[in-house]
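Small disclaimer: the values here were computed from a predicted structure and weren't measured. Proteins get letters first, then strands, A, B, ... in listed order; numbering begins at 1 in each.
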Number of protein chains: 2
Amino acid sequence: MDEREAAAEAPGGVTIYEVAQRAGVSIATVSRTLRGTGPVAGPTREKVLRAVQELRFTPSRAGVSLAEGRHAANGIVFPNLSGPYFAEVLIGYEEVASELGRSVIILSTKGRTAIRDLVRELARRVDGLAVFGSTVPADLVDELAASGPPLVLISHAERAGACTLRSENIRPAAELARHLLDHGHRSFAFLGAPYATGDDVDQRWQGVRGVLGDAVRPVLTDEYTVDSGHAAALRLLAGPDRPDAVICSDDEVALGAILAAEELGLAVPGDVAVTGWDDIMAARHARPALTTVRQPMRELGAGAARTLDALISGTGAAGAHRVLDTELIVRGSCGPHPPGGLRK
Amino acid sequence: MDEREAAAEAPGGVTIYEVAQRAGVSIATVSRTLRGTGPVAGPTREKVLRAVQELRFTPSRAGVSLAEGRHAANGIVFPNLSGPYFAEVLIGYEEVASELGRSVIILSTKGRTAIRDLVRELARRVDGLAVFGSTVPADLVDELAASGPPLVLISHAERAGACTLRSENIRPAAELARHLLDHGHRSFAFLGAPYATGDDVDQRWQGVRGVLGDAVRPVLTDEYTVDSGHAAALRLLAGPDRPDAVICSDDEVALGAILAAEELGLAVPGDVAVTGWDDIMAARHARPALTTVRQPMRELGAGAARTLDALISGTGAAGAHRVLDTELIVRGSCGPHPPGGLRK
DNA sequence: GATCAAGGTGTAAGCGCTTACATCGACAGG
DNA sequence: CCTGTCGATGTAAGCGCTTACACCTTGATC
């Protein structure tokens, strides 16, 4: 009836029918042999495996997916991969997902116009989806939470119907602010991109603001990049009321600020202190080395993958919210440290 | 006969059957409406679209893939995503693939033991595959070239059956070496990871060696990271026969070398010059700023995606090999530049 | 008014795989 | 020797979608 045998050298690949024919068994037996489900007699198994080898057979993913009703893939949506932050999270995500037998499909929203369609399309080809805060419109998030695959929001405000996972911001931001006060700094600027309510940078701002009150003023940047940090800092530091310290939304902006200070002939931290956030690789190599807050970027990704796995396999609550610890990393950029500590 | 209507609220999602039933048409009409293939009368189209909206229908990817015989996805295999290099290439790859309507499935080989199976699995779920040099065993590459989807090797020696795409190495490496000679440096070390024949670092070594001859000696590192560069440089610079200049395999190793020099109380470039390769973000912010060779990382990824698209759609030769231009970026780390240039 | 072309839809055959269910022997227990 | 079991295998019904092909209207053409 069919003409299965015709596809001998098709580019699409060998099918289970050809294997079955070659081994002289039914496709069911081939499937059972390969997946280890159901009993298969020794000699039969041999025949099948030989045929599989000779034909270099690998099951078609689309076929398996359709039959199994799952994709064995996870998606992740991030704004971009330019800086180390998202890359690190992605590393953690991919590593765990891979261990759990799931491929990772990525989607960068940077510069995309058709985000909605791209995200919907992605949601349709994965068993679970991780989404960074503010990369996807709120209503789409709701739509996904309601009718999409299991969803984990990374660094996003808590939201009904989805799990969230983020690093601590408010407390360490406050700690950072107090540390700067200990150094004797009295006027501050918070250098960050236009933030959305509840996102990481907003929370950092809240934490800083809570301690410093009116002594800190917000200065917006366009993006979280070295260049926009540089540009904004140039304006800030050349203008009137130069602050004692610039608290940056993240390390890249901080690196830009250090660069700007240098160009203006200002010493860091002598004339102006600078702090970052994330503790990316470059923070350690900057001169002066950057005081910053380390957050467990990889674990953010790994945790998201694990949470999704639990969600997919039915274990795990659908509305869990987890917050990871961070650590204040004090280096040179916030001011000289007298031996014995500041608060002595 | 079937019980399609039973799946009304299935987690897997709405199927085309439900849409068809609701709209009072056949599934063929629904499909035609959605894909725009074949004629559909105005009112019918309306009914279908309304049903689609009300049911929030999106076609199942597995079903579409199986029927279409394609995945609408590209794969990419890289060693890791820790440094900026692979991330940048990935950005370019994803951007172009996405524009061409293909999702990107990633696979990092870092720390993986079952690479072969993971790669084979990946190959089965994509229409095209990009692979970085040396991430996959040679025989597996051959196997993929022979019986897998279209393949593009990035930064890999030319190989029958697959396209390759890489940046120029030998010429700019020679240029870099000559530039260092112009500075008056006379003894050199090439600081790089254990390289494989024909890979980027090997080619850079060849280029440098071609100009400097025995004046340059190779020093191996374990990886292409700041830390291994740091460790190797520490050994090298503290030992006897300290070279005038350290030519590093890439920027990250170079950053580590600068760090090591600093720790040893050596001035860069006063006591020892250092150069990198790639021109990553941190190269510009290092002190001294790093002299390096810029290669078009994003274009490497973008080109791979375009090549694959051509291969998949039947256009494009199967054995094309492309080499992208690079640019020597001279900054402070290779020595002071007298106004007016060196060769005056 | 019969003939055609073309538009508009439905039918059904796959795409490659998994798996519930049926079948068939062979062997042990009564 | 008959029946009950269980192991080993085959049969066939999907999984959700695309699309070639068949069928039925219409309206135009002569």
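Between A:S60 and the phosphate of C:dC17, there is no side-chain N or O to OP1/OP2 separation shorter than 4.0 Å. Here A:R35 reaches the OP1 or OP2 of C:dT19: one of its side-chain N or O atoms lies under 4.0 Å away.
One finds no salt bridge joining B:K110 and A:E94 here, because no Lys/Arg side-chain nitrogen approaches an Asp/Glu carboxylate oxygen to under 4.0 Å. Look at B:D309 and B:R306 and you find no salt bridge, because none of the NZ, NE, NH1 or NH2 atoms lies under 4.0 Å from a carboxylate O. Ion pairing of B:R166 with B:E158 is absent here, as no side-chain N (NZ or NE/NH1/NH2) approaches a carboxylate O to less than 4.0 Å.
Atom-to-atom, CD of B:E68 to P of D:dC17 comes out at 12 Å; the value is rounded to the nearest Å. For A:D127 and D:dC15, the CG to P distance is 18 Å, given to the nearest whole Å. Taking atom CZ of residue B:R61 and atom C1' of nucleotide D:dC17, one finds them 10 Å apart after rounding to whole Å. Rounded to an integer number of Å, the gap from NE2 of B:H71 to P of D:dC17 is 17 Å. For B:E18 and D:dG16, the CD to P distance is 9 Å, given to the nearest whole Å. Between B:L34 atom CG and D:dT19 atom C1' there is a gap of 15 Å when expressed in whole angstrom units. If you measure from atom NZ of B:K47 to atom C1' of C:dG8, you get 11 Å, rounded to the nearest angstrom. B:Q21 has its CD atom 15 Å from the C1' atom of C:dG10, to the nearest Å.
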Return a single string for nucleotides 7-12 of chain D, one symbol per nucleotide in 5' to 3' order, where B is base contact, S is sugar-phosphate-only contact and - is none, cutoff 4.0 angstrom on heavy atoms. -SBBB-
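Of the candidates C:dC17, D:dT18, C:dT19, the closest approach to any side-chain atom of A:I16 belongs to C:dC17.
Looking at A:T164 and A:H321, their side chains do bring a donor and an acceptor atom within 3.5 Å of each other. Inspection of the A:S26 and A:R32 side chains reveals no N or O donor paired with an N or O acceptor under 3.5 Å.
Rounding to the nearest 0.5 Å places CG of B:L81 at 8.5 Å from CD of A:E88.
Counting atom types as modelled, B:Y17 pairs a side-chain N or O with a base atom of D:dC17 as donor and acceptor under 3.5 Å.
The aromatic rings of B:F86 and B:F78 sit parallel to each other, their planes meeting at less than 30°, with 60° as the upper class boundary.
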